[in-house]
Amino acid sequence: MRTFTVRHRQLSAWVVFAGITVAGCTAAPATSPGASSDSGMSATQSVSPTPSGSSSPEPFSASAGQGCRLLAEGLSTEQQAGQLFMVGVETSGLSSAARRVISDGAAGSVVLLGNSEAGSARIAALTEEIAAAAPEGMPVLVAVDQEGGKVTRLRGPGFSEIPSAVEQGRLADGELREQASVWGRELRDAGVHVDLAPVADVVPPGKTSSNAPIGKLNRNFGTDPGQVSRSVVEFTEGMQEAGVLTSLKHFPGLGEVTVNTDFGQAEDSDITADHEALEPFRAGIAAGADSVMISSAVFTLIDAEQEGVFSPAVVTTLLREQLGFEGVAISDDLGAAVSVGGVSPGQRAVRFFAAGGDLLINADPALMDEMLQATVDWAAEDPANAERLAESAGRVLELKQKAGLLSCD
C-alpha cells in the first residue's frame, strides 16, 4: 500500500479556508501549558498551531455546531478523514512513526499510551512536542486514560495518586467532584485535553471476580446503577470545572463480560436497549459528558452479528436516537485490540464510521495509512458516505473547540 500523505494539501486548504469565511476556524495564541488565553481570533488572522493545554475550554455558542460543520464541509475528504483518527503515542516519547502520522495530518488527535512515572513537566514537554509536530493551523487533541487505581497512566511530581474507582465510589457526596477537579487541573497543566473516563460500566454483585476488564481491576464505581450514576456525574462535573473533556465508557456496558476486549473476543448476553446498566450513561450524558466510548464487545440482545463499534443498532439507534447523545462517539481501541483482529484495519475504520462513529482510536501508528486510505475510498463511493464523514468531522472540530483549541464562529 502506498504511503498516504496529505500534509501539503491540508496546510494550504485549511489556512485559506480559515482566512476567507466567517465560519472559519482559528487556533488559539500560543502560551505555556496550563495558561489561560483567548482563542476567539478573527477568521482573518493567521492560523498557527496551539501548544496543548494552552487555553481554557470555550463555551458553546448557539451557532457553534453549525460553524464547525461548515468548516468541516470546506475541507477536502482527506482532511476530514484525518480529523477522525486518534493515534497512540507512547508516554516515553514521540516515535518517528507517530510523528509522521501527526505531521502528515493523518490523525488529528492522540492518546497517550503506556504508564509514566516522570511527572507533569515531562508530559507537558511531550504534549508541546506533539503540538509542534502538527501541520500549521491544525491543532492536535491530546487524550489519556487517567481513571485512577490500576488505570492511571500519568504519575510522578505534579500528578496526584488517584484511588481506584471502587474507592472513589465510596466518597461522600460532593467529594469526588472536588477531587476530579484537582485531577483535571493537573492534566490540563500537562497539556492533556481529554480524560478517557469515567467508567460507567455497572458490575453486578457477585460478578466482580469474573468480570475481567472492569471488576477484577476495580475500575467500577460500584455494583448499583444509582451509585455508579452518582459517581459518573460527579467525576464528569469535576473534570468540567477543570476544563478537561470526558468520555463515558464502555457503551453500552462491559460490566458482565468475562473477557477483556484487549486480549480476546468478549460477548454480553444480558444488556438490552432498556437495561438498567444504561442508567449511568444516561446520567453522564445529562451531566454534559463530551464523548461516549463504544465497546468492541458483541452485545447479542442488541446486535448479535457484529461488535458494538461496528453496529448501527448500538451507535446510531441506541446511543443517538434512544439516549439522545449528540456529542462525539469514540471507539475503544481498533488498532491493537485482539477483539477486532479478524477484521482488516481498513474495514475496521469503514465499519465504525458507517455505524455512526466519529473518532477512532488506533493504538498502532503503522496501521494509519491503510485505515485512512480505506476511509477516503469509502467516502468517494457514495454521497451518503461523504455526508457521514463530514458530519463526524464537524463533531470532532466542535470537540476541539470545546477544548479551547479552535474557534468556530
Side-chain angles (χ1 to χ4, degrees), residues 4 6-7 9-27 43 47 60-87 104-109 135 137-141 290-292 294 309-310 312 315-316 319-321 325-331 334 346-362 368 371-403 405-409:
F4 195 87
V6 297
R7 180 179 185 182
R9 290 181 60 189
Q10 287 173 318
L11 279 170
S12 58
W14 188 284
V15 174
V16 169
F17 183 75
I20 65 175
T21 174
V22 290
C25 196
T26 56
V47 182
F60 283 109
S61 66
S63 61
Q66 181 182 11
C68 290
R69 176 58 188 267
L70 287 173
L71 174 61
E73 290 175 351
L75 302 178
S76 69
T77 301
E78 292 91 344
Q79 291 169 336
Q80 291 176 356
Q83 290 300 304
L84 308 190
F85 289 95
M86 177 179 282
V87 72
D104 286 348
S109 302
M138 300 181 70
V140 176
L141 191 75
D290 308 284
S291 65
V292 173
I294 313 300
V309 285
F310 303 141
V315 183
T316 300
L319 180 61
R320 297 285 187 208
E321 297 175 6
F325 182 64
E326 298 179 350
V328 170
I330 186 170
S331 76
L334 297 183
Q347 280 300 301
R348 295 173 206 171
V350 167
R351 290 176 62 185
F352 175 63
F353 298 133
D358 301 307
L359 185 57
L360 185 152
I361 294 180
N362 169 27
M368 272 310 314
M371 286 185 168
L372 190 61
Q373 185 64 62
T375 302
V376 171
D377 291 344
W378 172 73
E381 291 174 359
D382 190 315
N385 297 347
E387 172 72 10
R388 175 79 276 287
L389 205 67
E391 177 186 24
S392 286
R395 285 202 189 102
V396 173
L397 294 179
E398 195 172 359
L399 190 70
K400 288 187 174 186
Q401 178 189 246
K402 196 170 184 182
L405 295 172
L406 301 171
S407 178
C408 300
D409 295 332

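These numbers come from the heavy atoms of this one structure, side chains and all, not from hydrogens, waters or symmetry mates. Every value quoted in this text rests on a predicted model; they were computed, and no experiment measured them.
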Engineer: If I take atom CG from residue Leu389 and atom CD from residue Gln79, how far apart are they, to the nearest 0.5 angstrom?
Structural biologist: 11.5 Å
Engineer: Applying salt bridge (Lys or Arg N to Asp or Glu O under 4.0 Å) to Arg69 and Glu73, what does each step give before you reach the verdict?
Structural biologist: CA-CA 6 Å; Arg69 176 58 188 267; Glu73 290 175 351; 3.0 Å; yes
Engineer: Ignoring hydrogens, what is the shortest heavy-atom contact between Ala72 and Gly394? Give both atom names and the distance.
Structural biologist: CB-N, 3.5 Å
Engineer: Give a yes or no answer on whether the side chain of Thr316 reaches the backbone of Ala355 with a donor-acceptor pair at less than 3.5 Å.
Structural biologist: yes
Engineer: Considering the options Ile361, Leu359, Leu399, Val87, which one meets the side-chain contact (heavy atoms from CB on, under 4.5 Å) requirement together with Ser109?
Structural biologist: Leu359
Engineer: Would you confirm whether Ser392, through its side chain, and Gly357, through its main-chain N or O, come within 3.5 Å as a donor-acceptor pair?
Structural biologist: yes
Engineer: Is any side-chain N of the basic residue among Arg395 and Glu391 closer than 4.0 Å to the acidic one's carboxylate O?
Structural biologist: yes
Engineer: Tell me the salt bridge (Lys or Arg N to Asp or Glu O under 4.0 Å) pairs involving residues 371-384, sequence neighbours left out?
Structural biologist: none
Engineer: Going by the side-chain contact (heavy atoms from CB on, under 4.5 Å) test, name the single residue among Leu360, Ile330, Val396 that passes it with Met86.
Structural biologist: Ile330
Engineer: For Asn362 and Leu334: C-alpha separation, side-chain torsions, deciding distance, then whether side-chain contact (heavy atoms from CB on, under 4.5 Å) applies.
Structural biologist: CA-CA 5 Å; Asn362 169 27; Leu334 297 183; over 6 Å; no
Engineer: Shortest non-hydrogen contact from Leu372 to Phe85?
Structural biologist: CD1-CE1, 3.7 Å
Engineer: Side chains of Val328 and Asp290: closer than 4.5 Å at any heavy-atom pair?
Structural biologist: no
Engineer: Partners of Glu321 by salt bridge (charged side-chain N to carboxylate O under 4.0 Å, His left out), sequence neighbours excluded?
Structural biologist: none
Engineer: Enter the distance from Cys408:SG to Leu71:CG here, rounded to the nearest 0.5 Å.
Structural biologist: 5.5 Å
Engineer: Can you check whether Pro139's main-chain N or O pairs, donor with acceptor, with Lys400's side chain at less than 3.5 Å?
Structural biologist: yes
Engineer: Heavy atoms only: give me the nearest Ala329-Gly356 pair and the separation to one decimal.
Structural biologist: CB-O, 4.4 Å
Engineer: Could you report the tightest heavy-atom contact between Val350 and Ala374, atom names first, then the distance?
Structural biologist: CG2-O, 3.6 Å
Engineer: Return yes if some donor-acceptor pair links the side-chain N/O of Asn385 with the main-chain N/O of Trp378 below 3.5 Å, else return no.
Structural biologist: yes
Engineer: Under 3.5 Å, is there a donor-acceptor pair between the side chain of Gln83 and the main chain of Gln80?
Structural biologist: no
Engineer: Got a salt bridge between Asp358 and Arg320, using NZ or NE/NH1/NH2 to carboxylate O under 4.0 Å?
Structural biologist: yes
Engineer: Rounded to the nearest 0.5 Å, what's the gap from CE on Met368 to CD on Gln373? Could you check?
Structural biologist: 11.0 Å
Engineer: Can you confirm whether Phe310 sits close enough to Gln347 that some side-chain heavy atom of one is under 4.5 Å from a side-chain heavy atom of the other?
Structural biologist: no
